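Nothing here was measured: the structure is a model prediction, and the numbers come from that model. Quick note on labels: first sequence line is chain A, next is B, and so on, each numbered from 1.
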Amino acid sequence: MKKRLSYRFRLAIVVFSAIICVLPVLFIVLNSLMSADEAASRYTSRVTPVTALGLTDGNLHYVEATLIPDLLTLSGFRDILMHDPTNLRFLWNSLILAVPIVVGTLIISPMAAYAFERLRAKHKEKLFFAYIITMMLPMQALLVPHFIAANFLGITDNYLAIILPAIFAPFGVFLIRQQMKSFDKATIEAAKIDGANELQIFTSIVLPNLKPTMTALMVLSFSEVWNLVDQAVVFIREVRFMPLATQLSIAYSDGMISTVFAISTVFMIPALIVFIYGQDNLAEGVGYTSFR
Amino acid sequence: MKKVNCRKVGITLALLFIIGLTVSTIYSRGFFERQKPFVHVTGVESITFTWEFEARGVAGELGELSQRLDRGFDFDIEITVPEEKYIFYMSDLRIYPGQNVDVTFDRHGYAINGVVINRSFMDGEFTLVVAIQDPTSLLYPGNPATVTLEVTLTEEDLTNMIPMIALNQDPFTNQHYIYVVNRRDGMWGREFYVERQDVELSWPERIEFFYNIFSATGFDFRLPIVTWSDQELYDGALVRLWD
């Protein structure tokens, strides 16, 4: 009995937490089906025929949030996908930023992690510690040194100023190196005895066993770079090269509420697709599993 | 229940998303482009214009000539200048006493030299008094002949002439303005947009079908000027040029 109550209590907490987490997403998706007039009357101070009567009665105009709109319509999606290509340009910018960063991270991080794990150097651990300590720093603290470096290289106002620091970020190296610690050293030594060089060991033995971790790294780094705002604001000057994450707040301040909901829904789709692709390996990838 | 291969689902969804995004981008760009107004544009024109002022009057009685005039003038002719002419020609003191004019009598058909001796504006009428000689001796005081007065005023090099249809006027402030087309790098490459430029009419304000304009803000008139649009324009509107 006690066990059942305890289980139900834990289940209730989990379900409640899940609802709390899903609620904002549900709110955005359902409100994206709202008409422009209804969105304006509910979420802005703009006077519309719906709100005018209430205002003349001396009532204040509050935000009237709702989960389900009065009238379901796809006009918001029609506007952003078929009428106005501006937000699509920002979406393409986000993809142009995210894909090289993720691909670069997946190339660089395993190699760097392998080097940190396998190479015998005197101060290797101190170097690794100095490398990953930057993970503890807030990203905003690193913006100034990144800007100085980008200025020196002449790549400010360029996507490279964002892509290069992200590719060489320490998180992926840390994650993969932790996974490599669980590798059976004997198998690698046996391969070495058989005459395999480091590259062959890396590509034939280490990499295949890193698939879950690489998938997890892909999902995590994509979700991080997809929501990129600060670096874009600092390094990119022209609005037409900005990623979508930076423009959502501007669209909101412009009063285009229904568009904001619709484009936010579309904005979530790539992250969702990446998660669907990697969900089988996500838990396994960040955990410690045995070497196969 | 068969386990779903998440990788395959993810790859399929990703491909569908990219294809959908591409199609949507192409379609929305075309749609957005079609919504832009079409405009015809022209540049400012330069005109060299010789001013010839004509007015018709009636030869009046030979009155007492001013003592300031030289001898030899036989008649003075009072000419009432039509309002539309005097607005353009009389302002800025372009007709002034002492100015030489040619007077052509219908009866004779040839020009007789004369001098403006007086100009006045009264009761909404602009009047010139011109003193003339009469070498033919065929004229007499009170002769009701009509005359054509021709005055060559000046030659103007007018460099900021725009077609009349390019000039607009704000109904609230009465400010004249034009739309000029400018170019910039937009979201999807080069795009054209219109800018409203306030202008003033410069003397002479109108010549045939052109207005003479200048900009108080020092605007450079080298940009194309909108002469026609198929939709209402506003400052900053994106447009398409009519090829």
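At a 4.5 Å heavy-atom cutoff, the contact between A:L81 and chain B is made by backbone and side-chain atoms alike. With a 4.5 angstrom heavy-atom cutoff, B:D185 touches chain A via backbone and side-chain atoms both. Interface remark: A:L91 contributes side-chain atoms only to the contact with chain B (heavy atom separation under 4.5 Å).
A:R89 places a side-chain heavy atom less than 4.5 Å from the side chain of B:W188.
Here CG of A:L88 is found 9.5 Å from CE of B:M187. Values are rounded to the nearest 0.5 Å. Within the model, atoms CZ of B:F32 and CE of A:M82 stand 15.5 Å from one another, a figure rounded to the nearest 0.5 Å. If you take CD1 on A:I80 and OG on B:S24, they are separated by 7.5 Å, rounding to the nearest 0.5 Å. One distance of note links CZ of B:R29 with CG of A:D84; it measures 12.0 Å at 0.5 Å rounding. Taking OG1 of B:T12 as the reference point, atom CD1 of A:I273 lies at 10.0 Å (rounded to 0.5 Å).
Other residues, nucleotides and ligands place more than 12 heavy atoms under 6.0 Å from the CD atom of B:Q169. Heavy atoms of other residues, nucleotides or ligands lying less than 6.0 angstrom from CZ of A:R240 number more than 12. Counting heavy atoms of neighbouring residues, nucleotides and ligands inside a 6.0 Å radius, atom CD of A:E224 does not exceed 12 of them. The number of heavy atoms from other shown groups lying within 6.0 Å of CZ (B:R222) does not exceed 12.
Scanning all heavy atoms of the two residues, the minimum distance from B:C6 to A:Q279 falls at SG-NE2, 3.0 Å. B:F17 and A:I269 get closest at one heavy-atom pair: CD1-CG2, 3.5 Å.
When B:L21, B:I26, B:V9 are compared by the number of non-hydrogen pairs under 4.5 Å with chain A, B:L21 comes out ahead.
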